[in-house]
Amino acid sequence: MAKISRDRGAKFEREVVNLFKDWGHKAFRTAQHMGKTGQAPDVKVDGLHVECKRRRALAVMEFYHQAAADARAEGKGNLPTVIMRADNEPPMVMMCFEDWIQLYNEYYAGQHEKQ
């Protein structure tokens, strides 16, 4: 992997850590960023295995932009969400981080109320 790509990936991992911290969650980059391999996530957050992917262009962004535009046009406060599935793969969900973190916060709070 080229140094520029590694640097871009590392910068994005730090950005993701800071997004979670901004919302009050403990988050940190794992040993994966030091070249250690294994099943470690890029970023560790309670209850999540976070892999960070930063690319110049992701074709799936077109799907999200359509969902966001359509949700705004509806004007009902609906969350733009893309559910996609490649052949022989499970369905995947794509959302804006700000929308998703609100759902995660509600889930996380509910899990801690049960304990």
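For clarity, every value in this text was computed on a predicted model and none was experimentally measured.
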Subject >> Working for side chain to side chain contact (heavy atoms under 4.5 Å, CB included), residues V60 and V82 >> reply: CA-CA 9 Å; V60 296; V82 176; over 6 Å; no

Taking atom [atom1] of [X] and atom [atom2] of [Y], what is their separation to the nearest 0.5 Å?
| X | Y | atom1 | atom2 | answer |
| --- | --- | --- | --- | --- |
| F63 | I83 | CZ | CD1 | 13.5 Å |
| T30 | K44 | OG1 | NZ | 10.0 Å |
| K21 | K26 | NZ | NZ | 11.0 Å |
| E13 | R8 | CD | CZ | 13.0 Å |
| E106 | Q111 | CD | CD | 13.0 Å |

Heavy-atom pair with the smallest gap, counting every atom of [X] and [Y]:
| X | Y | value |
| --- | --- | --- |
| R29 | A10 | NH2-CB, 3.6 Å |
| C52 | V43 | SG-CG2, 3.7 Å |
| P80 | A71 | CG-CB, 4.0 Å |

Answer whether the closest heavy-atom distance between the side chains of [X] and [Y] falls below 4.5 Å.
| X | Y | value |
| --- | --- | --- |
| F20 | L48 | yes |
| D42 | V50 | no |
| V45 | F28 | no |

Original post:
Around E15, counting heavy atoms of other residues, nucleotides and ligands shown, do more than 12 lie under 6.0 Å from its CD?
Top reply: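 Atom CD in E15 is crowded, with more than 12 foreign heavy atoms closer than 6.0 Å.
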
Original post:
Do you reckon F12 sits in the same ILVMFWY cluster as M61, going by side-chain contacts under 4.5 Å, direct or chained?
Top reply: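 In one cluster with F12: M61, no.
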
Subject >> Same apolar cluster: M84 and Y64, side chain cutoff 4.5 Å >> reply: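 Linked, M84 and Y64 end up in one cluster.
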
Listed pairs under 3.5 Å, donor-acceptor, residues 89-103 side chains, sequence neighbours left out:
{"from": "Q102", "atom 1": "NE2", "to": "E98", "atom 2": "O", "distance (Å)": "3.4"}

Original post:
Ion pair present between K3 and D7, side-chain N to carboxylate O less than 4.0 angstrom?
Top reply: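 Looking at K3 and D7, the cut-off is met.
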
Original post:
Using the ring of each side chain (for Trp, its six-membered ring), is Y104 parallel, tilted or perpendicular to H25, with breaks at 30° and 60°?
Top reply: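 Plane angle between 30° and 60°, so tilted.
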
